[in-house]
Amino acid sequence: MRQAGTYSGILSGGISGKIGPHSFPLARIKKIMKKSGDDVKMISGEAPIVLSKACELFVEEITRRAWMTTMQGKRRTLHKEDVASAVIATDVFDFLVNLVSDHQHSDEHDQEKTTPPSTIMDLER
């Protein structure tokens, strides 16, 4: 009888040389890949593994850059604003600028709704 473990048995040895669980769920990646277009019908078993590794590297890189912003602010907690700053400051992440700009704008708008005006200038908004 096989016992359940934390690892499903799918190896990533061909990509990184290490054996073990993937950082991102392969089934979810494959589902996203299939939703990406009507033309995408068949996906090899290796493609989600490659994209899992790419996602891992992407998260590591953007986190490193966001952490630099956190440290500049002399804080120990990384906030979404740090991620937004990293995205805006890095040309490679230009495809995300609208995403983080929309979030920053909606956060400011939400804050205006919930924060009572404290000065006459705030009342004029």
Side-chain angles (χ1 to χ4, degrees):
M1 188 163 123
R2 195 175 96 164
Q3 292 185 355
T6 58
Y7 175 57
S8 67
I10 299 173
L11 304 179
S12 64
I15 304 303
S16 65
K18 77 176 191 181
I19 297 174
H22 300 281
S23 295
F24 294 91
L26 297 178
R28 179 71 178 131
I29 291 173
K30 193 168 186 176
K31 190 175 194 178
I32 293 168
M33 291 172 74
K34 284 185 177 182
K35 285 183 178 181
S36 68
D38 294 334
D39 297 340
V40 180
K41 303 217 185 306
M42 300 291 287
I43 298 169
S44 74
E46 295 87 9
I49 295 171
V50 172
L51 282 178
S52 175
K53 185 62 177 177
C55 290
E56 183 180 331
L57 295 172
F58 172 76
V59 170
E60 286 175 4
E61 182 63 25
I62 201 164
T63 301
R64 270 191 218 101
R65 292 174 185 266
W67 184 250
M68 288 190 290
T69 304
T70 303
M71 296 302 287
Q72 288 172 351
K74 298 185 180 174
R75 291 179 283 110
R76 291 176 159 238
T77 304
L78 191 144
H79 297 284
K80 64 182 176 182
E81 293 82 11
D82 301 323
V83 175
S85 295
V87 166
I88 291 166
T90 308
D91 291 344
V92 147
F93 299 141
D94 279 351
F95 69 100
L96 296 172
V97 168
N98 291 338
L99 177 72
V100 298
S101 296
D102 291 345
H103 282 291
Q104 283 183 330
H105 178 65
S106 67
D107 288 346
E108 290 170 1
H109 185 48
D110 291 345
Q111 188 177 13
E112 286 176 5
K113 286 182 183 176
T114 60
T115 306
S118 60
T119 67
I120 293 174
M121 294 296 284
D122 289 337
L123 287 171
E124 294 177 346
R125 280 189 183 174

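Everything numeric here is computed off the predicted structure, so don't read it as measured data.
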What closest approach, in Å, do [X] and [Y] show between heavy atoms, and which atom pair accounts for it?
{"X": "I29", "Y": "F24", "value": "CD1-CB, 3.8 Å"}
{"X": "I62", "Y": "A86", "value": "O-CB, 4.2 Å"}
{"X": "T77", "Y": "T70", "value": "O-CG2, 3.4 Å"}

Starting from [Y], can I reach [X] by hopping between I/L/V/M/F/W/Y residues whose side chains sit under 4.5 Å apart?
{"X": "M68", "Y": "L96", "result": "no"}
{"X": "V59", "Y": "V97", "result": "yes"}
{"X": "L57", "Y": "L51", "result": "no"}

What's the spacing between S23 OG and E60 CD if we round to 0.5 Å?
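If I round to the nearest 0.5 Å, the distance is 7.5 Å.
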Please report the interatomic distance OG(S44) to NZ(K30), rounded to the nearest 0.5 Å.
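Rounded to the nearest 0.5 Å, the OG-NZ separation comes to 8.0 Å.
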Kindly say whether M33 contributes a backbone atom to a donor-acceptor pair with the side chain of S36 at under 3.5 angstrom?
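Yes, because the side chain of S36 sits within donor-acceptor range (under 3.5 Å) of the backbone of M33.
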With sequence neighbours excluded, residues passing side chain to side chain donor-acceptor pair (under 3.5 Å) with R64
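R64 satisfies side chain to side chain donor-acceptor pair (under 3.5 Å) with E61 once adjacent residues are dropped.
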Apply side-chain contact (heavy atoms from CB on, under 4.5 Å) to F93 and R65, showing your working.
CA-CA 11 Å; F93 299 141; R65 292 174 185 266; 3.8 Å; yes
After noting the C-alpha distance and the side-chain angles of D82 and R75, does the key distance pass the salt bridge (Lys or Arg N to Asp or Glu O under 4.0 Å) rule?
CA-CA 11 Å; D82 301 323; R75 291 179 283 110; 2.6 Å; yes
Should we count CG of D38 as having more than 12 external heavy atoms under 6.0 Å?
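Atom CG in D38 is not packed in, count stays at 12 or less.
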For the residue pair F58 and F95, categorise the inter-ring angle as parallel (less than 30°), tilted (30 to 60°) or perpendicular (more than 60°).
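F58 vs F95 ring planes: tilted.
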As a quick check of understanding, evaluate side-chain contact (heavy atoms from CB on, under 4.5 Å) for I49 and L26, giving each step before the final call.
CA-CA 7 Å; I49 295 171; L26 297 178; 4.0 Å; yes
I43 and K34: CA distance, side-chain angles, deciding distance, side-chain contact (heavy atoms from CB on, under 4.5 Å) verdict
CA-CA 8 Å; I43 298 169; K34 284 185 177 182; 3.5 Å; yes
